[in-house]
Amino acid sequence: PSTSASSTFYVSQTINGCQSSRAVINVNVNPTPSAPVLTTPPAYCQYSSSTPIGFSGTGTIGWYSNSTAGIYLGASLTPPTSTAGVSTYFANLTVGSCISPWSSVNVTVNGAPQLVSVIAPAAVCSGSIFTVTLAGVPPTTSYNWTRANNPALSPSSGAASGVASI
């Protein structure tokens, strides 16, 4: 029998026209937990560190690779960032023996940019000024210029080429 509320059932058996005494079966019906509310993480950059995906809800969370026969990923999920793209993860909550409906969250990992071409002199004289040019990159790209042992490089960011004194 199925039921949506706690109930008492009785069962007996009949053999050759003779009925046994009834047995009492008390069934307690626990409510199904609500699906977890998942926190959508920010878009990550490829190879950057990520943080565990947050959730709210009552019960013990479980993370899975899909909602049907998925691989159990654990009770906490810190999304990997080694591969660019969008990955979907699924979670449910367990309270006692009751399992909530599924929730899903998409995690976006933006690909790491690749410099197309760097044009710089192979050698320069001490005290001279030289130019480094980055070619073949989108015009909306921003840059961070640094130099070992002396981070004071001009320009420090935002330009496709810069002049440095050594």
Side-chain angles (χ1 to χ4, degrees), residues 1-11 13 22-118 120 132-153 155-162:
S2 84
T3 184
S4 59
S6 296
S7 301
T8 301
F9 296 91
Y10 301 92
V11 64
Q13 94 183 48
R22 296 187 315 171
V24 177
I25 302 171
N26 291 313
V27 176
N28 292 319
V29 176
N30 296 315
T32 300
S34 296
V37 176
L38 306 177
T39 303
T40 301
Y44 293 107
C45 293
Q46 190 174 15
Y47 307 115
S48 68
S49 60
S50 62
T51 58
I53 298 174
F55 75 95
S56 62
T58 302
T60 302
I61 195 160
W63 290 96
Y64 297 83
S65 60
N66 65 55
S67 63
T68 56
I71 297 170
Y72 176 70
L73 302 173
S76 177
L77 177 65
T78 301
T81 62
S82 58
T83 302
V86 177
S87 298
T88 303
Y89 298 98
F90 299 86
N92 61 23
L93 292 169
T94 302
V95 177
S97 61
C98 299
I99 299 172
S100 76
W102 294 98
S103 290
S104 64
V105 64
N106 291 328
V107 176
T108 300
V109 177
N110 295 320
Q114 306 260 333
L115 289 177
V116 176
S117 176
V118 177
V132 175
T133 303
L134 306 176
V137 291
T140 59
T141 303
S142 63
Y143 302 90
N144 292 313
W145 295 89
T146 58
R147 182 174 65 182
N149 301 325
N150 186 353
L153 190 65
S156 61
S157 65
S161 65

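Residues: numbered from 1 along the sequence shown.
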(request) Mind checking the CG-OG spacing from N26 to S7? Nearest 0.5 Å is all I need. (result) 9.5 Å
(message) Donor-acceptor pair, distance only, cut-off 3.5 Å: does the side chain of Q46 make one with the backbone of G111?
(response) no
(request) State, to 0.1 Å, how close A84 and N110 come at their nearest heavy-atom pair, and which atoms those are. (result) CB-C, 4.2 Å
(message) Please give me the minimum heavy-atom distance between A35 and P101, naming the atom from each residue.
(response) CB-O, 3.5 Å
(message) Any non-hydrogen side-chain atom of I53 less than 4.5 Å from a side-chain atom of V105?
(response) yes
(request) Nearest 0.5 Å please: distance from the CG atom of L93 over to the CD1 atom of I99. (result) 10.5 Å
(message) For P41 versus Y44, what's the shortest heavy-atom pair and its separation?
(response) CB-OH, 3.8 Å
(request) Can you run down the side-chain hydrogen bond (donor to acceptor under 3.5 Å, both in side chains) pairs that involve residues 78-103, sequence neighbours left out, and say none if there aren't any? (result) T88-N106
(request) Compare all side-chain heavy atoms of V109 with those of P79 and state whether any distance is below 4.5 angstrom. (result) no
Which atom pairs, one a donor and one an acceptor, fall under 3.5 Å between side chains of residues 62-77 and the rest of the protein, sequence neighbours left out?
from, atom 1, to, atom 2, distance (Å)
S65, OG, I71, N, 2.8
N66, OD1, T68, N, 3.0
N66, OD1, G70, N, 3.1
Y72, OH, A75, N, 3.3

(request) Can you sort out the partners of Y10 under ring-ring contact (aromatic ring centres under 6.0 Å, His included), two or more places apart, ordered by chain and number? (result) none
